[in-house]
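Notes follow once the structure below has been shown.
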Number of protein chains: 2
Amino acid sequence: MRLDDLDRRIVALLCEDARFSYADIGAKVALSAPAVKRRVDRLRATGVIRGYTALVDPAALGWTTEAFVELYCTGRTTPAQIERATRRHPEVVGSYTVSGGADALVHLRAADISHLEEALERLRAEPFVTQTQSMIVLSRLVDRPASGPATS
Amino acid sequence: MRLDDLDRRIVALLCEDARFSYADIGAKVALSAPAVKRRVDRLRATGVIRGYTALVDPAALGWTTEAFVELYCTGRTTPAQIERATRRHPEVVGSYTVSGGADALVHLRAADISHLEEALERLRAEPFVTQTQSMIVLSRLVDRPASGPATS
DNA sequence: GATGAAAACCGTAAAAT
DNA sequence: ATTTTACGGTTTTCATC
């Protein structure tokens, strides 16, 4: 889908605060509320905007520990296989196939160290996993949802 | 801050769709709209909810390339230094200090390979960076904003 | 253990956007 | 139509008797 400048500004505003009303947005981009709604509906329908979510502090919900795990897999492991396997684990917040030594990188979030250990154990038990290498997150310095791309 | 069951259900609903009205949420948790608003206001004030954002498909905005970069730093590099440095780059969507061989892991998102290369070059030019190791993302398999913690 | 003040919380209703 | 403010009533908490 092709986006014009107004579309991009609307997306940027919704990234900044997804609860802006159509009138709020309209005031900032010089459009009427219905006109904004039409564009937003189109952006949703075409998959540019996939949804809206609250940004929650994981620690406030008791999720204090996270890690990035490099996955090494057996020869003929497909991305689809890795996706199905990693998606099943609720502790997985991100999963990517990557170039380099490892085959995949998995982002885990757990309640505490023992929970993380347990989740890691479950991940290692996947039949196609031959080896893992973990990086425990000591502190989250930057965590930008999707705003980065939109603003620049 | 202590969260009761209603708070957790409200947070989960806002993670599911940040544009639910207070009345919508109230209907689902058996509370009036003002009661929901009071709780949401408190959740925002205490930092449990940090904000609301649209979930945007990066590719739709022309951000087609991403990478994870392990940063190796000089002896007395502080997390604050790494934060300041990485935050300055608009391509950085995530930055973490980690245990293991590397000192930090940086999540980059760029328009294309050459843009990524350029951003990486800028990152490597930071005075405290001694070495980097990059993993180019081949495909994003799972990407869960914050829903994981909230739902379980 | 009972009692009464204080805090926390909810709902209805009205006002503002 | 939704958000926000204002008010009145109820429940919980907790210190004191």
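Order of the sequence lines sets the chain letters (A, B, ...), proteins ahead of strands, with each chain counted from 1.
- Per the geometry, CD1 belonging to B:Ile25 stands 12 Å off P belonging to D:dT4, to the nearest Å.
- Within the 4.0 angstrom heavy-atom criterion, no nucleotide atom of any strand lies near B:Arg19.
- Remark: B:Glu126 engages B:Arg88 in a salt bridge (charged side-chain N to carboxylate O under 4.0 Å, His left out) (not counting sequence neighbours).
- Atom C1' of nucleotide C:dC10 and atom CG of B:Asp7 are separated by 14 Å, given to the nearest angstrom.
- Across the protein-nucleic acid pair, B:Met1 atom CE and C:dA8 atom C1' stand 12 Å apart, rounded to whole Å.
- Remark: B:Lys37 is not in phosphate contact with D:dT3, judged by side-chain N or O atoms under 4.0 Å from OP1 or OP2.
- At least one side-chain nitrogen or oxygen of B:Tyr22 sits closer than 4.0 Å to the OP1 or OP2 atom of D:dT4.
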Considering only nitrogen or oxygen atoms on both sides, find all protein atoms under 3.5 Å from nucleotides 12-17 of chain C and state each distance.
none

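- Between the CG atom of A:Asp24 and the P atom of D:dT2 there is a distance of 15 Å, given to the nearest Å.
- Contact between B:Glu70 and A:Met135 at its shortest, heavy atoms only, is OE2-SD, 3.6 Å.
- Relative orientation of the A:His107 and B:Tyr96 rings is perpendicular, given thresholds of 30° and 60° on the angle between their planes.
- Legend: residues meeting salt bridge (charged side-chain N to carboxylate O under 4.0 Å, His left out) with B:Arg9, ordered by chain and number and at least two apart, are absent.
- Put simply, CG on B:Asp4 is 13 Å from C1' on C:dC10, counting in whole angstrom units.
- In this structure B:Gln131 satisfies the side chain to side chain contact (heavy atoms under 4.5 Å, CB included) test together with B:Tyr72, sequence neighbours excluded.
- Legend: salt bridge (Lys or Arg N to Asp or Glu O under 4.0 Å) pairs involving residues 17-26 of chain A, not counting sequence neighbours: none detected.
- Applying the salt bridge (charged side-chain N to carboxylate O under 4.0 Å, His left out) rule to A:Arg50 yields no partners; only residues at least two apart in sequence or on another chain are considered.
- In this structure, CZ of B:Arg39 is placed 8 Å from C1' of C:dC9, rounded to the nearest angstrom.
- Atom CG of B:Leu43 is separated from atom C1' of C:dA8 by 15 Å (rounded to the nearest Å).
- C:dG11 atom C1' lies 14 Å from atom CG of B:Leu6, rounded to whole Å.
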